Amino acid sequence: MTQPTSHAAPSLRAAGRIAIETAWQAAIRSGALPPVPPDAVVPTVEVEHPADPSHGDLASNLAMKLARPLRRPPLAIAEAIATELRTSAGDIFASVEVAAPGFLNLRLSDAALERALDVARTADAGFGRLTSDQPRKVDVEFVSANPTGPLTVGNARGAFVGDLLCRVLEAAGQDVTREYYFNDSGAQIEHLGASVAALKRGEPVPEDGYHGAYVEQLASDVPADVWAAATSDGAEADKVLGAWASVRVRHMIEASLERLGVRFDVWKSEASLHDEGWVSRAVERLREGGHVYEADGATWFRSTTFGDDKDRVIHRSDGRPTYFAADIGYVTEKFSRGFDHLIYIWGVDHHGTIARNKNAAQAMGFDPDHYEVLLVGWVRFVMDGVEVSMSKRAGTFVTLDDLLDAVGVDAARWFFASRAAHVAFDFDIEQARAQSADNPVYYVQYAHARICSILRKAAEAGIVPASTFTGTLDGDTVAQGLAREVLRLPEVVEDAAAAQATHGVTAYATGLATVFHGYYRDRRVVDPADPATSAARLALVDAARLALRNTLGLLGISTPEQM
RNA sequence: GCCCUCGUAGCUCAGUGGAUAGAGCAGCCGCCUUCUAAGCGGCCGGUCGCAGGUUCGAUCCCUGCCGAGGGCGCCA
């Protein structure tokens, strides 16, 4: 996986990493530590937040990593770096400790936390967004359901996961294009046209046709001129009506996606890839490279050259191109638009097609590492512990719109965001629908609303947040805890973008809400008798609001000011 | 048969070479005269599928086995 080039806005973790790196180098210069021998691997400085708060705010295993190459006990190495940190790291750390078997445990000072809070508040909506000197230009193709019917719950996960990924990458400073690929010609579309034609004529829908209320709606909506064109002499009614209907259906799909808050930058038609010659040129490119041959009357791509199980057909023996042919052309078309990286979001059932596509990209001279497929696992929609039937005949819960009607956009986004994309999971409709504490999304939104309520209360009392955080924490461990959690946001975004996954973001949101609720319990914010303390606490609570707002915003989830 | 993914608390899922494995839900017990109880505190609950191996250290990496799902088309 290629790492984004983005660098974090000042995160506390990054500050700790730099401080340790600097101290380590200083210890080498002073002779306290030997340099890493040339034949050994120089370890990277890893900094994490220890699970146990008694281990401090930040911890590093650097000394243990260095023990072998330096041939010294890890505790001695840690002590050397700690000594350097204590003398030259300024006022960033309140304490620097060494713990067995060689951990370096750091505790941040109030001053460091307060400065970071000031920066966060100034950044405002930009807090938690990273910048990049050279943003990676990435194309994310997802959903890409053919316009023969409304989006189904089967399409839902791809739609949410794709958009969530895009949001995370954007927050990490990357240049993201959301792309939807659709088949606007061929058999499926003709079947749709035939179905519409049949209903329009009052005949039954053909065997391989499409059913459902939307088809009837389409039939009754056919404009007179389209119908005339379809039924004129020599016209192919199915094709004409199919073309018209697929555009209508596509707009329907677009409206559903709009409802989820997903908007695509590019809608790419398969036909255009053929019409503009992308497919034939790509096949020619493969042929020139010796990767194409004819057999059994068909044209094949020699995918086995790159380790595939078998070679793959590009043109069938009847001359028609396969879907794979269009994929090949599409890859060249995408790279011609200057993307550094292509991401495809597919269902696990497409896993078998990854190899041939990646191989074709490689055969055409593209770096296969820049062709990435993320698979999304199956979802079972569960109610009362049993799977909800999704059969069209049952009439319930077939479309994506049904799902949104049942649980709402916020809950749907949360549930899809909080699971790793590639694993199968059960979507509990009851829990997602619950307007109560059972529902984690409300739990987090409630924290936000609660803060807004405090802010309103404060305004009534004439209390304004402190203009600077300097001196506001004042050794208060409860306040420090909230500040640390707030300030983790940039790290959470960095990690999410690197992992190309969002479940760390929902976990962070839940944790932040929990820490805030604890603060609310332990510290009264608005106290007219003590305006100075109130102003300090109000500023901190407002910073928590900022972090919650930006986190939920990142997930596309609303932030109500009262509930 | 071959390939991919998964197997962690009763349920749904995180975690991932490090310091006592986490969250939500469910269950049980407490807390509203004071900024929103959609909240807070506590309890219960795990041989991290099984067996080997690598490592100072493995739930995480490697091998084998067992179980679940998916893929192996001139379908998409």
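Chain A is the first sequence line, chain B the second, and so forth, proteins listed ahead of strands; every chain is numbered from 1. Predicted, not measured: the structure shown is a model, and the values here were computed from it.
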Worksheet entry | Separation of the P atoms in B:U47 and B:G69, to the nearest angstrom | 25 Å
Shortest side-chain distance from [X], nucleotide among [options]:
X      : options             : value
A:F425 : B:A76, B:C13, B:A19 : B:C13
A:R521 : B:C56, B:C40, B:G71 : B:C40
A:H503 : B:G15, B:G71, B:G39 : B:G15
A:H422 : B:G18, B:G39, B:U5  : B:U5

Once you apply the 3.5 Å cut-off to both distances, tell me the Watson-Crick or G-U wobble partner of [N], or none.
N     : result
B:A58 : none
B:C65 : B:G49
B:G22 : B:C13
B:G73 : none

Worksheet item: Are a donor atom and an acceptor atom from the side chains of A:N146 and A:T148 found within less than 3.5 Å of each other?
Response: no
Discussion item. Side chains of A:Y293 and A:D311: any donor to acceptor distance under 3.5 Å?
Written reply: yes
With heavy atoms under 4.0 Å as the rule, sort [X] into base, sugar-phosphate or nothing.
X      : answer
A:Y520 : base
A:D318 : nothing
A:A420 : sugar-phosphate
A:A449 : base
A:E561 : base

Worksheet item: Has A:F103 got its ring stacked on B:A19, by the test of a centre gap below 5.5 Å and a plane angle below 30°?
Response: yes
Worksheet item: Does a side-chain N or O from A:Y519 land closer than 4.0 Å to OP1 or OP2 of B:G39, or not?
Response: no
Fill in: Over-ring placement of A:R250 relative to A:F182, 6.0 Å and 45° cut-offs
yes
Worksheet item: Rounded to the nearest 0.5 Å, how far apart are CZ of A:F160 and CG of A:L403?
Response: 6.5 Å
